[in-house]
Amino acid sequence: MKTSRRKFLQKSALFTAGAGMLSTASWSHPYISPNEKINVGLIGCRSQGFYVLREFLQTGSVNCLGICDVDQQVLEEKAAALKNDFQQLPKLYRDFRKMLEDKAIDAVIIGTPDHWHCLQTVYSCQAGKDVYVEKPLANSIGECNLMLEAARRYNRIVQVGQQQRSSPVWKGAMEYIQAGHIGKLRKANIWANFHYGIGARKQPDEPVPAGVDFDLWLGPAPERSFNPARFHGNWRHFWDYGGGLMTDWGVHLLDMALWAKEDMTEPEQVMAYGSNLSFEEYSRETYDTMSVIFPKKDYVINWEHAAGHQTGPYDMSYGIAFVGDKATVVADRGDWTVKTGDSKETEGFMTLAKDYKKQSSWSDVGNHVRDFLSSVKSRESPSCSVEVGRNVALYAHMANIAVRSGEGSLSWDVGRQSFTNSKAGDSLIMSPYRESWRLSSV
Ligand SMILES: NC(=O)c1ccc[n+]([C@@H]2O[C@H](COP(=O)([O-])OP(=O)(O)OC[C@H]3O[C@@H](n4cnc5c(N)ncnc54)[C@H](O)[C@@H]3O)[C@@H](O)[C@H]2O)c1
């Protein structure tokens with residue numbers, strides 16, 4: 001016999017009381033029938049979160065019951081767009097904990113900056129909601145581990161916003177590689193060069209804009225003055241809120257390198273160089289320049305980025321070259337191709353590749369959203385589960401930690417979930433939380 005969601009919750013006591021925590025778990029939708037519409041709420045509305053919500057609504061199988069943001073202007077703009085474009089009239093919230101009290105909401109989309117993902121996912125799971133959380137899974141390894149545990153304990157579907165996992169283009173490339181057409185896959189060379197990786201121009205601190213609850217924007221992160229160069233969109237270049245290009249794009253592309261090998265193992269070693277070498281008039285803590293090696297048993301993953309410009313190998317600003325014994329597959333989100341260095345030989349590989357090329361009338365995010373919605377109903381694992389999102393986030397975070405700790409090279413003890421050789425590295429495993437938002441241990 002199935003345990004009801006409410007009973008299950010009563011049995012589990014994941015987090016003991018913390019000031020920010022929901023006092024009771026609410027759970028009103030034990031089962032959703034295949035024909036029933038799914039009720040969603042969005043936390044963090046400005047850019048990606050709202051884009052994802054639009055994809056949810058475009059499926060025609062979703063109602064939006066609530067949207068939440070700490071910036072009143074963002075909230076009102078998005079509410080007007082939802083009314084105009086989708087005839088949706090969600091309730092508006094400033095505090096996500098209030099929205100989670102709505103028992104009619106089945107699933108929550110989390111589109112906040114990375115430093116919020118863990119708390120909001122954990123609280124959503126506790127409240128009995130399924131979760132579509134943007135990538136990277138969290139802003140630290142310790143938070144990723146807590147989220148995995150929460151999803152499992154509360155038996156929730158958690159889809160991580162690495163939409164490549166639902167992309168027909170990448171699926172085709174993976175099937176082609178895994179069928180052995182390029183021979184043994186030995187190496188993945190990844191590059192991600194983007195202008196935005198240098199951050200915004202340096203500017204003086206300002207008063208907090210009217211209508212913004214900046215303390216709730218900071219949440220678990222340390223108290224800090226308000227500066228537009230660390231706020232909307234620009235937060236990703238500061239360690240308290242994000243991990244720079246290494247995590248922003250790292251989790252997308254490292255995930256593809258792992259998928260090609262069907263590898264779900266944690267990184268055991270990382271060697272990394274990172275520095276801020278250019279664009280001093282721009283504001284950031286994360287590195288504009290990085291080169292990283294992840295050695296695996298029979299495979300090596302190389303990562304590199306140079307922010308502030310936007311070109312790279314094969315004239316692509318980002319991509320992956322999957323190097324096999326016989327040929328190399330070069331891929332980005334739009335397409336993939338095969339290179340051999342010999343035009344006649346290449347023709348043969350490309351003819352074969354045609355059978356693996358797939359297209360979709362939906363965007364990658366649209367496909368990813370549909371995959372999530374189908375998991376919410378079937379209770380099957382989604383294409384980018386919390387396990388997949390956690391595993392790749394460990395790679396990206398470890399690269400940053402290798403540099404931030406000053407070690408350059410680190411080894412990871414999978415059993416102990418700590419570094420084998422570095423107290424400085426260990427000190428960066430968990431984000432520091434402000435007392436009022438501190439997570440109790442599991
Ligand atoms: N999957 C992708 O391709 C992709 C693309 C872009 C961004 N992202 C991810 O999406 C997330 C959001 O990025 P963005 O570029 O949209 O950031 P953004 O700064 O543009 O928007 C974040 C929004 O969250 C709001 N917010 C902050 N704290 C909040 C809180 N406690 N409660 C409610 N709202 C809060 C902010 O006010 C803002 O409106 C990040 O994790 C990012 O990595 C993913």
Side-chain angles (χ1 to χ4, degrees), residues 20 41-55 66-79 92-100 108-121 123-124 131-139 143 159-167 192 194 196-197 199-200 208-209 211-221 226 228-238 240-253 255 286 318 332-333 363-369 372 384 389 392-393 396 434 436-437:
L42 167 66
I43 309 173
C45 304
R46 181 171 169 268
S47 320
Q48 182 68 8
F50 195 68
Y51 172 60
V52 171
L53 173 61
R54 291 185 74 95
E55 294 285 349
I67 62 171
C68 167
D69 206 286
V70 296
D71 185 333
Q72 188 64 23
Q73 195 183 331
V74 168
L75 202 53
E76 285 170 13
E77 271 173 26
K78 301 307 179 190
L92 310 189
Y93 298 89
R94 184 183 59 83
D95 188 328
F96 68 94
R97 292 166 295 187
K98 281 270 158 232
M99 192 177 87
L100 294 179
V108 172
I109 303 161
I110 298 175
T112 46
D114 307 351
H115 69 287
W116 263 115
H117 292 182
C118 177
L119 281 172
Q120 290 169 343
T121 299
Y123 293 170
S124 299
V131 180
Y132 184 111
V133 58
E134 265 308 336
K135 47 51 59 176
L137 183 64
N139 201 31
E143 291 172 300
Q159 173 88 299
V160 185
Q162 290 155 211
Q163 61 269 15
Q164 291 77 207
R165 284 270 173 175
S166 299
S167 149
F194 290 98
Y196 81 87
V208 175
V212 171
D213 185 335
F214 187 53
D215 193 58
L216 199 49
W217 186 95
L218 285 171
F226 179 85
R230 293 192 295 269
F231 192 48
H232 284 336
N234 299 322
W235 49 263
R236 32 176 56 78
H237 313 293
F238 296 86
D240 288 338
Y241 327 117
L245 282 181
M246 187 67 244
T247 55
D248 219 31
W249 269 87
V251 292
H252 280 312
L253 300 176
D255 191 25
T286 57
Y318 75 94
D332 69 6
R333 284 174 173 169
S363 68
D364 287 355
V365 174
N367 280 308
H368 210 44
V369 161
F372 171 70
C384 191
V392 70
R434 279 201 286 175
S436 51
W437 287 101

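Just so you know, ligand 1 is whichever comes first in the structure, and atom 1 is the first atom listed for that ligand. Since this is a predicted model, take the numbers as computed values, not measurements.
Polar contact with ligand 1: absent for Ile43 (N/O pair, distance under 3.5 Å). For ligand 1, the polar-atom distance check against Phe96 finds no nitrogen or oxygen pair separated by under 3.5 Å. Residue Leu216 places at least one N or O, backbone or side chain, under 3.5 Å from an N or O of ligand 1. Annotation: Trp116 places an N or O atom under 3.5 Å from an N or O atom of ligand 1; distance criterion only. Residue-to-ligand polar distances keep Asp71 apart from ligand 1: every N/O pair is separated by 3.5 Å or more.
Applying the 4.0 Å criterion to heavy atoms of Gln163 picks out, from ligand 1, the atoms 1 (N), 2 (C), 3 (O). Interface atoms of ligand 1 facing Asp248, defined by a heavy-atom separation under 4.0 Å, are 43 (O). Using a 4.0 Å cut-off to heavy atoms of Gly233, the atoms of ligand 1 that qualify are 18 (P), 19 (O), 20 (O). The His117 neighbourhood of ligand 1 comprises atoms 41 (O), with distances under 4.0 Å to a heavy atom of that residue. Residue Gln120 approaches ligand 1 through these ligand atoms, each under 4.0 Å from one of its heavy atoms: 30 (C), 31 (N), 32 (N). Near Pro113, meaning under 4.0 Å from one of its heavy atoms, ligand 1 places the atoms 22 (C), 24 (O), 27 (C). Applying the 4.0 Å criterion to heavy atoms of Gly161 picks out, from ligand 1, the atoms 1 (N). Interface atoms of ligand 1 facing Cys68, defined by a heavy-atom separation under 4.0 Å, are 33 (C), 34 (N).
Scanning all protein heavy atoms for the shortest distance to atom 21 (O) of ligand 1 gives Arg46 CB, 3.5 Å. Ranking the protein heavy atoms by distance from atom 2 (C) of ligand 1 puts Gln48 NE2, 3.4 Å first. Given atom 35 (C) of ligand 1, the protein heavy atom at minimum distance is Thr112 CG2, 3.4 Å. The nearest protein atom to atom 17 (O) of ligand 1, hydrogens excluded, is given as Trp235 NE1, 3.4 Å; this is a heavy-atom distance. For atom 27 (C) of ligand 1, the nearest protein heavy atom (residue, atom name, distance) is Trp217 CD1, 3.3 Å. The protein heavy-atom contact nearest to atom 41 (O) of ligand 1 is Asp114 OD1, 2.7 Å. For atom 25 (C) of ligand 1, the nearest protein heavy atom (residue, atom name, distance) is Asp69 OD2, 3.3 Å. Of the protein's non-hydrogen atoms, Gly44 CA, 3.4 Å is the one closest to atom 24 (O) of ligand 1.
Residue contacts with ligand 1 for Glu134 involve side-chain atoms from C-beta outward but no N, CA, C or O (heavy atoms, distance under 4.0 Å). If you look at His252 next to ligand 1, the close heavy atoms, those under 4.0 Å, all belong to the side chain. By the criterion of a heavy-atom distance under 4.0 Å, neither the backbone nor the side chain of Phe231 is placed next to ligand 1.
Under a 3.5 Å cut-off, the side chain of His368 and the backbone N or O of Val160 do form a donor-acceptor pair. Panel note: side chain Arg434, backbone Gly219; a donor-acceptor pair is recorded below 3.5 Å. Judged by distance alone, with hydrogens and angles left aside, the side-chain atoms of Asp69 form a donor-acceptor pair with the main-chain N or O of Cys45 at under 3.5 Å. Formation of a donor-acceptor pair under 3.5 Å by the Asp332 side chain with backbone atoms of Tyr318 is not found in this model.
Rounding to the nearest 0.5 angstrom, the gap separating the CD atom in Gln159 from the CD atom in Glu134 is 10.0 Å. Distance check: Phe226 CZ to Leu218 CG gives 10.0 Å after rounding to the nearest 0.5 Å. Note that CD1 of Ile109 is 9.5 Å distant from CD1 of Ile43, once rounded to the nearest 0.5 Å. Atom CG of Asp255 and atom NZ of Lys135 lie 11.5 Å apart (nearest 0.5 Å). Annotation: the span from Asp95 atom CG to Leu100 atom CG amounts to 9.0 Å, rounded to 0.5 Å. Separation of atoms OG1 (Thr112) and CH2 (Trp217) is listed at 10.0 Å; rounding is to 0.5 Å.
Not a single heavy atom of Gln162 lies less than 4.0 angstrom from ligand 1. Residue-ligand proximity: Tyr51 is placed with every non-hydrogen atom at 4.0 Å or more from ligand 1.
Checked against the 6.0 Å centroid criterion, the rings of Tyr196 and Trp249 do not qualify as a close aromatic pair. The aromatic ring centroids of Phe238 and Trp235 lie 6.0 Å or more from each other.
The side-chain tip of Lys78 points at the ring of Phe50 from less than 6.0 angstrom away and within 45° of straight on.
Looking at Arg333 and Gln164, their side chains do bring a donor and an acceptor atom within 3.5 Å of each other.
By the 4.5 Å heavy-atom criterion applied to side chains, Ile67 and Leu53 are counted as neighbours.
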